[in-house]
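Written out below as structure tokens is the structure these notes cover.
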Amino acid sequence: MRSPLTLLVLLVAAGCSSAPPSPTPAAPAAVDRADMRAHFARATAARDALLDGDVEAMKQHARWLADHGEDEAAKVRGPVHFERMKTAAQAVAEAHTLGTASRALADLATACGACHQGADARFEAPKPLLPPMKDELQAHMARHRWAVDQMWAGLVTPSEAAWARGAQSLAEAPLHAVDFALEGLDAKLVPRATTLHGLAADAAAAPAAERGAHFARIIATCGGCHRYRPAPTP
Ligand code: HEC
Ligand code: HEC
């Protein structure tokens with residue numbers, strides 16, 4: 001495997017053989033955008049599996065990210081972030097607890113965002129419409145999902161606006177005991193809902209460097225409550 005430095009030396013050497021070194025560095029090789037979109041799809045699928053408590057699916061997607069061939073053109077744009085991304089994907093694939101998996105996944109998203117920021121390669125993340133403001137549990141959860149998507153885009157892209165939109169939306173009025181009773185759910189889960197909304201308020205105010213840690217606590221709280229959700233009726 002050639003290190004980015006070797007590659008650079010080779011490129012420079014190749015340039016020298018035909019012409020004197022030019023003062024302006026050549027534009028970097030094009031990054032495989034389809035491959036980047038595949039990274040986005042896999043990382044997002046791992047996150048959704050974590051939210052659903054589907055550990056096997058989460059690990060499978062993380063394994064893909066950890067073992068996927070190296071796109072040198074992307075790697076040279078941020079070798080440190082590239083390694084951090086691989087290490088984090090590996091950690092998700094090997095995690096034994098929800099907390100460890102959540103932290104590793106947040107670190108993965110942070111590594112994506114750090115490389116994009118450093119390489120001046122921010123991209124336009126999908127911006128789905130906010131689901132309707134209804135009171136039912138399902139509508140509330142659909143907005144939670146939307147909020148997590150926005151915060152995720154806030155980390156990966158990275159985007160201040162998406163992070164703020166997501167965190168603020170998640171901090172909206174929590175579910176109440178009465179909502180749970182109506183759905184036939186265990187009232188013991190209510191404090192988790194309150195915890196989540198407090199975490200979201202903290203996340204909205206968090207400086208960029210601390211957002212990964214906030215995101216990890218939030219997705220661990222979603223996943224932790226979903227463990228107790230009634231099994232879907234066949
Ligand atoms: C080592 C640097 C690096 C890392 C790490 C990295 N990317 Fe990228 N990514 C880039 C660069 C550079 C571009 C811009 C490509 C361009 O505009 O030609 C890009 C572009 C993208 C795009 C836009 C593709 C398009 O259609 O234009 C997406 C989506 C993306 N990255 C997702 C991710 C995700 C998700 C991760 C982490 C799992 C990640 N990237 C990790 C360097 C990186
Ligand atoms: C206090 C417990 C609790 C917390 C915290 C929680 N959820 Fe849920 N969630 C539930 C329950 C219970 C259901 C099942 C609802 C049903 O099937 O009727 C559910 C279902 C869902 C669904 C599926 C909705 C549907 O229409 O089937 C999504 C998506 C979802 N949650 C997202 C999230 C996200 C994202 C978070 C964290 C930001 C979160 N939830 C936090 C209890 C919780």
Side-chain angles (χ1 to χ4, degrees), residues 4 27-44 46-48 50-53 61-62 64-66 68 70-86 88-89 92 105 107-126 131 136-149 151-153 155-157 166-167 169-171 174-175 179-180 182-197 199-200 203 215 217-233:
V31 170
D32 183 345
R33 285 158 169 251
D35 192 54
M36 274 292 145
R37 288 195 290 271
H39 276 73
F40 189 76
R42 285 287 180 168
T44 306
R47 182 208 68 191
D48 284 344
L50 183 147
L51 290 175
D52 282 349
H61 294 302
W64 185 93
L65 286 164
H68 186 61
E70 302 195 348
D71 176 2
E72 290 294 343
K75 192 176 174 179
V76 294
R77 304 288 292 274
V80 173
H81 307 307
F82 191 92
E83 287 312 324
R84 183 176 174 193
M85 169 179 79
K86 290 283 181 193
V92 175
L105 200 62
D107 202 46
L108 176 77
T110 306
C112 313
C115 188
H116 296 149
Q117 185 156 27
D120 202 13
R122 290 170 196 244
F123 60 92
E124 205 46 47
E136 294 83 17
L137 183 60
Q138 280 83 358
H140 198 86
M141 288 299 152
R143 288 200 301 281
H144 277 10
R145 206 204 134 99
W146 180 89
V148 164
D149 254 338
M151 295 173 86
W152 179 250
L155 292 178
V156 171
T157 311
S169 154
L170 197 58
L175 283 168
D179 302 308
F180 278 75
L182 284 173
E183 300 279 344
L185 295 168
D186 195 333
K188 283 206 290 292
L189 296 179
V190 174
R192 290 173 187 266
T194 314
T195 305
L196 178 64
H197 293 267
L199 289 175
F215 187 77
R217 284 195 283 274
I218 287 171
I219 56 174
T221 309
C222 313
C225 194
H226 289 160
R227 281 182 182 167
Y228 300 97
R229 142 175 91 171
T233 35

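Because the structure is predicted, anything quoted here is derived from the model rather than measured. When a ligand or atom number is given, it counts from 1 through the structure's own listing order.
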for atom 13 (C) of ligand 2, nearest protein heavy atom and its distance come out as Arg229 CD, 3.4 Å
Atom of Ala147, atom of Ser169 and distance for their closest heavy-atom approach: CB-OG, 3.8 Å
Arg37 to ligand 1: N or O pair under 3.5 Å? yes
Anything under 30° is parallel, anything over 60° is perpendicular, the rest tilted; go ahead and classify His144 against His197. tilted
Closest protein heavy atom to atom 34 (C) of ligand 1, given as residue, atom name and distance to 0.1 Å: Cys112 SG, 3.5 Å
Among all the protein's non-hydrogen atoms, which is closest to atom 12 (C) of ligand 2, and how far away is it? Leu185 CD1, 3.4 Å
Which of the numbered atoms in ligand 2 are below 4.0 angstrom from a heavy atom of Arg145? 29 (C), 35 (C)
Side chains of Arg42 and His61: donor-acceptor distance under 3.5 Å anywhere? yes
Nearest heavy atoms of Met85 and Ala111, plus distance in Å: N-CB, 3.7 Å
Between Asp71 and Asp32, is there a donor-acceptor pair closer than 3.5 Å when you use the side chain of the first and the backbone of the second? yes
Does atom OH of Tyr228 have more than 12 heavy-atom neighbours from other groups under 6.0 Å away? no
Tell me: protein heavy atom nearest atom 35 (C) of ligand 1, and distance? Phe40 CA, 3.4 Å
Protein residue, atom and distance nearest to atom 15 (C) of ligand 2, heavy-atom basis: Leu137 CD2, 3.7 Å
For the metal site, I want the angle between atom NE2 of His116 and atom SD of Met36 with atom 8 (Fe) of ligand 1 at the apex, to 10°. 170°
Look at atom 36 (C) of ligand 2 and find which of Cys225, Ser169, Gly224, Cys222 reaches it with the closest heavy atom. Cys222
Region of Val190 engaging ligand 2 - heavy atom pairs below 4.0 Å: neither
For the residue pair Thr44 and Trp152, what are the closest heavy atoms and their distance? OG1-NE1, 3.0 Å
Tell me the contacting part of Ile219 for ligand 2: side chain, backbone, both, or neither, using a 4.0 Å heavy-atom threshold, strictly below. neither
Which residue supplies the protein heavy atom nearest to atom 18 (O) of ligand 1, what is that atom called, and how far is it? Arg33 NE, 3.3 Å
Would you say ligand 2 has an N or O under 3.5 Å from any N or O of Arg192? no
Verify the contact flag for atom 27 (O) of ligand 2, where contact means a protein heavy atom under 4.0 Å away. no
Write out the residue and atom name of the closest protein heavy atom to atom 2 (C) of ligand 1, then the distance separating them to 0.1 Å. Cys115 SG, 1.8 Å
Does Ala30 reach ligand 1, in the sense of a heavy atom lying below 4.0 Å from it? no
Can you name the nearest heavy-atom pair linking Ala203 to Ala167, along with the distance? C-CB, 4.2 Å
May I ask which of Met141, Arg47, His140, Gln138 has a heavy atom nearer to atom 21 (C) of ligand 2 than the others do? Met141
Atom 22 (C) of ligand 1: closest protein heavy atom, distance to 0.1 Å, is Phe123 CD2, 3.6 Å
In short, Val92 meets Leu105 closest at the heavy-atom pair CG2-N, 3.6 Å
Any N/O pair His226/ligand 2 closer than 3.5 Å: yes
Counting only heavy atoms, tell me which of Ala34, Ala74, Gly113, Ala121 gets closest to atom 11 (C) of ligand 1. Ala121
With heavy atoms of Leu189 as the reference, note each atom of ligand 2 found under 4.0 Å away. 1 (C)
Could you tell me which non-hydrogen atom of His116 sits nearest to which non-hydrogen atom of Val156, and how far apart they are? ND1-O, 2.8 Å
N or O pair under 3.5 Å between Lys75 and ligand 1: no
Between the main-chain N or O of Leu65 and the side-chain N or O of Lys86, is there a donor-acceptor pair closer than 3.5 Å? yes
Would you please test Asp120 and Arg77 for salt bridge (Lys or Arg N to Asp or Glu O under 4.0 Å) and show each step? CA-CA 9 Å; Asp120 202 13; Arg77 304 288 292 274; over 6 Å; no
